[in-house]
Amino acid sequence: MTTASTQGFATTAIHAGQDHDPTTGAVIPPVHFSTTYQQDGIANLRNGWEYGRSGNPTRTALEIQLAALEGGTSALSFASGLAAEDALLRVVGRPGGHAVVGHDLYGGTYRLISRLWGPWGLDHTVADATDPDAVRAAIRDETSLIWVETPSNPLLSVVDIAALADIAHDAGALLVVDNTFASPALQRPLGLGADVVVHSVTKYLGGHSDVLGGALVFADPELDERVRFIQFAAGGVSGPLDAWLATRGIKTLDVRMRRHSENAQQVAEHLQAADAVSRVYYPGLPDHPGHALAARQMSGFGGMLSVSFEGGEPAARRFSESLRLFTLAESLGGVESLVNYPWDMTHASVRGTALEVPKNLVRVSVGLESVTDLIADIDQALTVVRS
Ligand SMILES: *Cc1c(COP(=O)(O)O)cnc(C)c1O
């Protein structure tokens with residue numbers, strides 16, 4: 001089914017790319033495991049299908065779904081978020097080139113840019129992405145890209161996508177936005193001027209902590225074509241079952257993101273009122289510095305929040321290890337609530353860099369459980385922290 005641009009988001013999420021199987025009428029399109037396709041004569045391909053690395057119908061169905069949801073011209077599905085990022089950097093970065101990167105990023109993204117791409121010749125400058133002037137000041141003649149997350153990981157800073165798109169385009173550079181935390185249900189960066197959206201499909205899009213995946217969504221078919229060639233030539237594609245699990249997760253994205261946002265708002269307000277807590281980082285709180293911008297640029301504030309403790313590192317560690325319903329684990333965006341101590345877990349690799357995270361910080365992925373149970377668990381953990 002093709003997607004009319006007037007369709008509601010939830011309708012698109014359920015139907016884009018999901019044509020019923022023409023041979024059997026199966027409502028759910030089959031998972032295509034075949035790695036190769038019969039040719040109707042030498043190099044005479046049936047509907048273009050040839051070999052699993054160059055194309056797979058289950059992967060294509062996911063790509064159609066992703067492009068429709070982000071409002072892009074096309075999308076590419078990869079084996080992981082970092083595989084997607086690396087393929088993109090091969091096109092938008094180059095030896096002798098320069099990237100401006102936000103000050104608060106997923107640790108693995110910064111590791112990829114600084115430790116893999118740096119020695120290969122792509123220089124970078126870290127800038128406070130919440131300050132458009134700081135980003136503009138970091139641009140050099142050879143800058144070809146600006147890379148940001150919003151809300152960012154783990155400090156939940158909100159970045160003005162439209163302002164940074166203008167700055168990038170004035171400089172002849174591209175704006176890359178990692179939309180993992182918000183998901184297209186809450187924020188569509190391409191509509192605000194971004195050139196490429198990056199996703200860790202592993203998080204909210206998959207939504208059930210059971211599939212690893214990455215995606216790129218493009219506003220420009222020419223850029224898509226160049227990255228598509230990298231994907232074909234270097235091979236970082238997602239497998240068919242992974243693509244299918246992502247597609248299945250995305251069908252409920254709209255309803256999940258609403259509930260994630262509702263639960264997170266209540267958890268954030270509850271934590272803010274607790275005396276052991278020094279600060280809650282959640283864009284849905286009116287005193288968050290990015291609140292007004294988030295209210296303008298997003299249709300909900302999402303399920304991620306961070307919290308810092310007056311008792312410093314010991315209190316943060318104690319809180320993280322005392323929660324019972326929130327599982328101590330990396331990753332985010334699943335139906336179950338998770339707690340993470342970034343300093344020693346997700347962001348250990350950025351210690352000693354400009355992206356170092358506070359030691360008294362705990363990051364929480366608020367799941368879809370009954371919020372009263374989540375709050376009761378937080379209260380018992382706070383009691384341990386105070387004891
Ligand atoms: C997890 C994550 C990534 C990396 O994705 P993988 O699927 O783990 O490779 C990139 N960006 C953000 C914001 C993430 O949370």
Side-chain angles (χ1 to χ4, degrees), residues 81-82 85 99-115 117-118 124-139 145-161 163-165 167-168 175-183 186-187 189 192 194 197-200 203-204 264 268 278-285 287-294 297-298 301-308 316 330-333 339-365:
L82 286 175
E85 295 183 13
V100 178
V101 303
H103 65 297
D104 188 36
L105 289 184
Y106 174 67
T109 299
Y110 189 66
R111 180 177 55 210
L112 175 67
I113 290 173
S114 63
R115 288 178 52 195
W117 280 90
H124 72 272
T125 302
V126 176
D128 177 356
T130 63
D131 177 2
D133 291 332
V135 172
R136 190 183 289 107
I139 286 185
L145 70 139
I146 298 175
W147 188 300
V148 295
E149 288 176 18
T150 183
S152 66
N153 183 1
L155 294 176
L156 284 302
S157 326
V158 182
V159 168
D160 189 335
I161 296 171
L164 294 194
I167 290 169
L175 176 65
V176 180
V177 176
D178 184 329
N179 202 27
T180 298
F181 267 36
S183 93
L186 304 182
Q187 173 174 275
L192 298 166
V197 161
V198 173
H199 274 290
S200 172
K203 315 296 169 53
Y204 286 107
S278 56
R279 182 164 167 196
V280 180
Y281 300 76
Y282 183 64
L285 294 174
D287 63 355
H288 183 285
H291 177 69
L293 174 59
Q297 158 174 293
M298 304 172 73
F301 299 110
M304 295 302 297
L305 60 89
S306 289
V307 52
S308 56
E330 298 192 4
S331 201
L332 58 112
V339 59
N340 159 48
Y341 180 63
W343 174 269
D344 254 345
M345 293 171 63
T346 51
H347 287 70
S349 72
V350 296
R351 269 188 239 160
T353 75
L355 277 78
E356 186 168 286
V357 298
K359 274 188 176 171
N360 66 345
L361 192 79
V362 172
R363 191 191 74 185
V364 174
S365 175

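Along the sequence shown, residues carry numbers from 1. Predicted model, so just to flag it, every value in this text is computed and none were measured.
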Which pair of non-hydrogen atoms, one from [X] and one from [Y], has the smallest distance, and what is that distance?
X	Y	answer
Asn340	Pro342	O-CD, 3.1 Å
Leu156	Pro151	CD1-CB, 3.7 Å
Val148	Ala129	CG1-CB, 3.7 Å
Ala316	Tyr341	CB-CE1, 3.9 Å
Val177	Ala194	CG2-CB, 3.7 Å
Pro132	Leu164	CA-CD2, 4.0 Å

Any [X] side-chain heavy atom under 4.5 Å of [Y] side chain:
X	Y	value
Ser365	Lys203	no
Leu155	Leu361	yes
His291	Val158	no
Met304	Tyr204	yes
Leu105	Asp178	no

Find the distance between [atom1] ([X]) and [atom2] ([Y]) and round it off to the nearest 0.5 Å.
X	Y	atom1	atom2	result
Leu112	Trp117	CG	CH2	8.0 Å
Ser157	Asp131	OG	CG	12.0 Å
Tyr106	Thr346	OH	OG1	7.5 Å
Leu285	Leu305	CG	CG	8.0 Å
His288	Phe301	NE2	CZ	10.0 Å
Arg111	Leu355	CZ	CG	12.5 Å

Would you check if the side chain of [X] reaches a backbone N or O of [Y] as a donor-acceptor pair within less than 3.5 Å?
X	Y	result
Ser278	Ser308	yes
Ser200	Thr180	no
Ser306	Tyr281	no
His347	Glu356	no
Gln297	Pro189	no
Asn179	Gln187	yes

Qualifying residue, where the test is side-chain contact (heavy atoms from CB on, under 4.5 Å) with Arg363 and the options are Asn153, Val339, Val357: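 Answer to the side-chain contact (heavy atoms from CB on, under 4.5 Å) test with Arg363 among Asn153, Val339, Val357: Asn153.
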
Identified side-chain contact (heavy atoms from CB on, under 4.5 Å) partner of Ile167 from the options Asp160, Asp133, Leu175, Ile146: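 The option that passes is Ile146.
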
Asp287/Arg279 salt bridge by N-O under 4.0 Å criterion: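 No, no charged N to carboxylate O under 4.0 Å.
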
Pair His124 and Tyr110, ring centroids less than 6.0 Å apart: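 When the ring centroids of His124 and Tyr110 are compared, they turn out to be within the sub-6.0 Å range.
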
Exceeds 12 heavy-atom contacts within 6.0 angstrom, atom CZ of Arg351: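 More than 12 within 6.0 Å, yes.
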
